[in-house]
Participant: 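I'd like to ask you about the structure that follows.
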Amino acid sequence: MDFLRELRWLLEQVPRGRVTSFKALADALGDGKAAKAVYVTLKESKLPGWHRVTRSDGGIPFHEAAGTLIQEGIRLSDSRVVGFQGIKFTDFRSQRPLALLRREQRSLASRVVLEDRLEKPGEVGGFDLSYQGNRAHAAAVVMDREGVEVLDEVRLTTIVSFPYISTYLSYREFEPISLCYGRLRCRPSLLLVDGNGILHPARFGIACLVGVRLGRPTIGVAKSLLLGRVDSGVKQGENSQIHHRGRLLGYAYRPGRGKPIFISPGHMISPSTALELVKGLCKERVPEPLRLAHLACGQMRRAAVG
DNA sequence: GCGACAG
DNA sequence: ATCTTGTCGC
């Protein structure tokens, strides 16, 4: 989905003399959770009609918009639209593209294999990204199964067009990850991705997409909990199950004294095997291939700045 | 029924 | 994820 194009299309529908809100635009895109992404996008690229977008209470988010709004006959009082409810436009024509993406996730989720299809004990690849606006610095680090020796590494920079929206992360980060994977000299037999696998409302987080699209065993490792409930008080070095709607979706694992990480299968691996493999790779809080990929991304970004 | 929500 | 200084601790 082309996020900018969809947003441009919706903004064209707001008539002169009317306004709409970030939330209303997000709803029209198919998911109200995208309201912040709409805000960030409009803040960075002022599409035609950007000045007609307000907060949910009619507040003006961009001070520069006030003059144009008044010219269009909209009355403002204390940086808020007077009679907001009356002139608020919500009657959008839209295919609701985010709802389509959610449907796609639910459909692809049926292809996820939750049994161990791990080939020979081979290499493990970690993938991570860091950003400068819509510039994504991506890195892949391949190590041995114990996370001791680096066997291969790839770094690249690309432009991403899809914003960060919780539960749609894969539509932002899959392409850079896929590009990294394609440039590796030796293909790892197991992939680690920053984010969730089946620990996702559609049971299809980014680790699942990476696994299914690349046809490789994949595990998702997240640093904060997206959904589900964890038994409170996980002791260090130990783990506890994460259930959601009666299903075991992953584990919370506390490598040290700090916060836990959240492990879930992406593809071709069982929850328990995913947990054990990640445990074996955790020298620090995050498994080594992911930690080194994270460091590589940070270096790239700093090098691009200075 | 409503809110929360990976990077 | 990013914006950011010094500071506490192993």
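Labels below follow one simple rule: chain letters A, B, ... track the order of the sequence lines, proteins then strands, and each chain is numbered from 1.
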Participant: Reading nucleotides 3-10 of chain C from the 5' end, what letters show protein touch, with B for base, S for backbone sugar-phosphate only, - for no heavy atom under 4.0 Å?
Facilitator: S-------
Participant: Can you check whether A/Lys223 has a side-chain N or O nearer than 4.0 Å to OP1 or OP2 of B/dG7?
Facilitator: yes
Participant: Using a 4.0 Å heavy-atom cut-off, does A/Ile206 contact any base of the nucleic acid, only the sugar-phosphate backbone, or nothing at all?
Facilitator: base
Participant: Can you see if the side chain of A/Ser130 gets near the phosphate of C/dT2 - specifically, an N or O under 4.0 Å from OP1 or OP2?
Facilitator: yes
Participant: Classify the nucleic acid contact of A/Leu227 as base, sugar-phosphate or nothing, counting any heavy atom under 4.0 Å across all strands shown.
Facilitator: nothing
Participant: For the residue pair A/Phe127 and A/Tyr181, categorise the inter-ring angle as parallel (less than 30°), tilted (30 to 60°) or perpendicular (more than 60°).
Facilitator: tilted
Participant: For a side-chain contact (heavy atoms from CB on, under 4.5 Å) with A/His137, tell me which candidate from A/Gln299, A/Arg301, A/Arg302 qualifies.
Facilitator: A/Arg301
Participant: Sort by first number and list every stem of DNA chain B: at least 3 consecutive Watson-Crick or G-U wobble pairs, both distances under 3.5 Å.
Facilitator: none
Participant: Look at the side chain of A/Asp194 and decide which nucleotide, out of B/dG7, B/dA6, C/dT2, has an atom nearest to it.
Facilitator: B/dG7
Participant: Atom CG of A/Leu249 and atom P of B/dC5: how far apart are they, to the nearest Å?
Facilitator: 18 Å
Participant: Do the side chains of A/Asp78 and A/Arg80 get close enough for a salt bridge, i.e. N-O under 4.0 angstrom?
Facilitator: no
Participant: Which part of the nucleic acid does A/Tyr171 contact within heavy-atom distance under 4.0 Å: base, sugar-phosphate only, or nothing?
Facilitator: nothing
Participant: Contact class for A/Ser224 (heavy atom, under 4.0 Å): base, sugar-phosphate, or nothing?
Facilitator: sugar-phosphate
Participant: Is there a stack between A/Tyr164 and B/dG7, judged by ring centres under 5.5 Å and planes under 30°?
Facilitator: yes
Participant: Report yes or no: is the cationic atom of A/Lys279 (NZ for Lys, CZ for Arg) under 6.0 Å from the centre of the six-membered ring of A/Tyr251, at an angle within 45° of the ring normal?
Facilitator: no
Participant: Does B/dA6 have OP1 or OP2 sitting under 4.0 Å from an N or O in the side chain of A/Ser166?
Facilitator: yes
